[in-house]
Structure formats: C-alpha cells, structure tokens
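Below: one structure, written as structure tokens.
In the text below, chain A, chain B and the rest are named by the order of the sequence lines, each starting its count at 1.
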Amino acid sequence: MNEKKKLNLTLKIWRQKGPGDAGRFVECKAENISPDASFLEMLDVVNEGLVKRGEEAIAFDSDCREGICGMCSLVINGKPHGPELGTATCQLHMRTFQDGDTITVEPFRAKAFPPVKDLVVDRSAFDRIVAAGGFVSVNTGNPQDANSILIGHAVAEKAMDAAACIGCGACVAACPNASAMLFVAAKVSHLALLPQGQPERMRRVAQMRAQMDAEGFGNCSNEYACEAACPKEISVRAIARLNREYLKASLCSEE
Amino acid sequence: MKHSCKFLHSSIGKKFTVGAAGVLLCLFLVFHLSGNMLLFVGESQFNAFANTLDTNPLIPAAEIILAAIFFAHVVVSLWLRWQNKQARPVGYADYRAKGGRTAGSRTMTWTALLVLAFLIIHVKAFRFGGRDGGMYHLVLSSLSNPYMAGFYLLALAGLALHLSHGVQSAFQTFGLNHPKYMPAVKALGWAFALIICGGFAVIPIWALIKGGL
C-alpha cells in the first residue's frame, strides 16, 4: 500500500484561558498529519506535541467521533463543522485540506453559548430548551405492542428527518443572528408530527419558544445559513412548521 | 389581551408583526403605483385624482393607519435587529456561512435606511409641499431635476432589493413553506419587486425625458 503524502498545516486557533479571559488567536503548526485523519484526530496530534513540550493542550469538545452525538463543534475556516456539507467536525477528513494550508479554528460564538475554555463553549441552553417541553409524557408499565399505533410512512420519514437533529448548535453558530430556531424547530417538528406528541403539542411549542427567547438567542431573519451548516441537513421547512405551530398554539391554546 | 401581548412580544410574534406590516405596505405600493399610472393618462385626469385624494375626509385617517403600519414595520425590525446584535457579543474572525443568504437578505438594514431617507424627502415634497400649478406639474418639476431623479432611482433599486428578500421571507415567517410552492414564492418575490419598482422607476425617467434632459 502506498504511503499517502502527509500534510503540514498552520492552525490559527482560538485560545482562551477561561470565561473571564478575553481570548486571542494563536498560531501553531500541525505537522506530519495523515490525510485520512479526522479533524479531531489532527487536533489530538497537535495536543500530544504541546503536552510533550510542557505546554497546555487545546481544549475542544468531542465524544462519539462518528457524527451522532452532537458533542463536537468548532468553526473551521468560517464554517461550523468545516467546509463539507452534512458532516460533523469529527467526520471531516484532513484530505479536504491542501498541504501548507492555514486553517482558522474558532469556537461557536453566541451569547447563549458562553465560552468555557479555548474552543469549548457551554451549550446547556439547548438542554434547558428541551427540558422546557421537548419530550412526551408516557405512563410507565409494560411496553405496548410495537404496531399498536400506526404511522404513515411519509409522516414517519418527515418526523425522522427532524429527529436526526443531534443538538450540536451549528445552526446557532452559522446564523448571522445566533438564532436557535432550526434546533427548536427540529425538536418541535419531530414530536408534533407523531401521534405520541399530540397531548402536549401546544404546551410544548409555547414553553420551548419561551425558553429559547429567555436564553438570549437571536431572532430568525430567514437567511437559511443554519440549514447549510447543519450536519444532519435539517430543512428550514421545520422553521416554517415551528412558526405555524406557535401561531396555532397562541391562538387556540386554553392555557 | 395577555395572550396576544405574549405572542407579539415573542421572537416569532415580532417577526410575524414585521411580515404582516410588510404585506400591508406591499398592498399600499400596488395602490400607489396604480394611482401614479394616471400620469400617463393625462394631466387633467391625474390632477383630478390628486385633488380627490386631497379633499377626501377619510384620507387623513387612512394616512395615520398607513403611518402606524410603517412605524410598526420599522420599530419592530429595529428591535429584532438590536436583539440580534446582542445575541453575538464576540464576532467571528472568519465568517463564511452562506446558505440562503442573498444580496437582498444581507443588506436589509441598509436598503431600509435608504428607503426611509427617500420617504422623508418624498413625503415632504409631495404630501406637505405646495401644489400650485397642480400635482402633475409638481411631479414633472421635481423629477426633471437629474439629482432628484437619480436619488429616486437609487431608492427604488434599494426597495427592489429589500422586497426580493422581504416577500419570500414573509411567507416563511407565516409558516408557508412547501417544497412544491417555495420556488414559485421566491420567483414571485422577485417578480413583485421588479414590477413595482420598475413601474415607479418609469416616472422619474419619463420626467427627465419630458423635462428635456
């Protein structure tokens, strides 16, 4: 097997000691990087070098590293999760870049995502939005028969498209207004489309909307940068559904 | 009352207000342009139309409603924009997010300011200005000035750009986005912008030519 040419890159990377620190860009070299490495593996290599030299490693978030947990983040060369469409940072391969490239790496920036350290931001605002209504209440007991509630294929597909949201926050990072509408829209859509979501449908959208506003996210201006950045390619049609659902809940809810 | 306040205060409700006010302003543009087209029917017909508007006691009430709609559109937009600025206190060094961002969507605030500046000049001249010699004469004398005509054309280009994003954006805000119809809605936004602004643009060009440019 042929040895692929290794990459030597320059990273212009955001370093910030903690929430109180102003933060700044620091240049560092990423040398001898395999083109088959993921972006996070490249950062691991850089961190190994830093630690060996007695310097502090670059803090960044990651968990499953297979694109399903929503933990990785990063704005790479001005785009959340980097230049590839429909991929999370962990699925971004270094072969996307050319030898000698300079890559800018920044954290997701939003008031509702306060910085923790370096490239790590606190995305628990999303957890609070889900806790406000992004769930269904079910009675405990024996599991019911698998096919007792029939759902049409087209509806199930639509609900699944929305449920694909991994809550990474790339939509907020990409939005010129740091709006969380695509995230909330995905969570509201996925439950509003299914029979299990009906009992709490109106209360859910009202409470999730209220929590979203309380967290300090911006307002949607229909520029659809979110859709382009979403690693799960969730459509802005979900946002139209959120608008409809909220209007309906505001008009019809008796609460 | 409490419920409608809550709705109008929410992020989605504020956008709804901007969209609804925008649609009403678009309707006004259609009526305004229809009236203006009487310029090409004849001087006496246009002056008679202007005179009917001037003497109709319901017009001041309609003007107050129109001003209120315009005020709501501007103030709520500015409120949203201010909140959007607050939502990202530290900006990106490198920002290349694209998606559906268009020339129109990027410049909404700037085209709005241009149209606002235009409206101040336009309303001062044509609503509160003197009408000696008739409205037809006032239109011709004001717009045969190349600087004035140029400013009108610039403002109309700004309005066209504003509408190119605004019209389709209002549909999305009202929750009307369907894969079958959205391409047509986007085309409709552009068509409306070009027909309305093109229609208005004919007037300063006509005045320039008639005024012996």
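- Of the possible donor and acceptor atoms, one in the side chain of B/Tyr92 sits under 3.5 Å from a partner among the backbone N and O of A/Ala173.
- Closest of all the heavy-atom pairs between A/Met181 and B/Ile12 is CE-CG1, 3.8 Å.
- For a residue to count as touching a neighbouring chain, one of its non-hydrogen atoms must lie under 4.5 Å from one of that chain's; by this rule A/Cys226 does not touch chain B.
- Of the possible polar contacts, one joining the A/Asp213 side chain to the B/Ser11 backbone as a donor-acceptor pair under 3.5 Å is found.
- In this structure, the portion of A/Phe25 lying under 4.5 Å from any heavy atom of chain B is its side chain and not its backbone.
- In this structure, the side chain of B/Arg88 engages the main chain of A/Arg109 through a donor-acceptor pair within 3.5 Å.
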* Does the side-chain contact (heavy atoms from CB on, under 4.5 Å) test come out yes or no for B/Asp94 and A/Glu106, once each step is laid out? -> CA-CA 8 Å; B/Asp94 189 1; A/Glu106 290 178 82; 3.9 Å; yes
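- Not one N or O on the side chain of B/Lys15 forms a donor-acceptor pair closer than 3.5 Å with the backbone of A/Ser221.
- With a 4.5 angstrom heavy-atom cutoff, A/Ala210 does not touch chain B via any of its atoms.
- Using a 4.5 Å cut-off between heavy atoms, B/His165 contacts chain A through its side chain alone, with no backbone atom that close.
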* Stepwise side chain to side chain donor-acceptor pair (under 3.5 Å) test for A/Asn222 and B/Thr173 -> CA-CA 8 Å; A/Asn222 301 333; B/Thr173 298; 3.1 Å; yes
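- Interface residue A/Arg209: only side-chain heavy atoms are found under 4.5 Å from chain B.
- The backbone N or O of B/Gln172 lies less than 3.5 Å from a partner atom in the side chain of A/Asn243, making a donor-acceptor pair.
- The contact between B/Phe16 and chain A is made entirely by side chain atoms (from C-beta outward), counting heavy-atom distances below 4.5 Å.
- When heavy atoms are compared at a cutoff of 4.5 Å, A/Pro107 approaches chain B solely by way of its backbone atoms N, CA, C and O.
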* Would you check, one step at a time, whether the test side-chain contact (heavy atoms from CB on, under 4.5 Å) holds for A/Leu251 with B/Phe7? => CA-CA 9 Å; A/Leu251 287 173; B/Phe7 174 75; over 6 Å; no
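- With a 4.5 angstrom heavy-atom cutoff, A/Ala110 touches chain B via backbone and side-chain atoms both.
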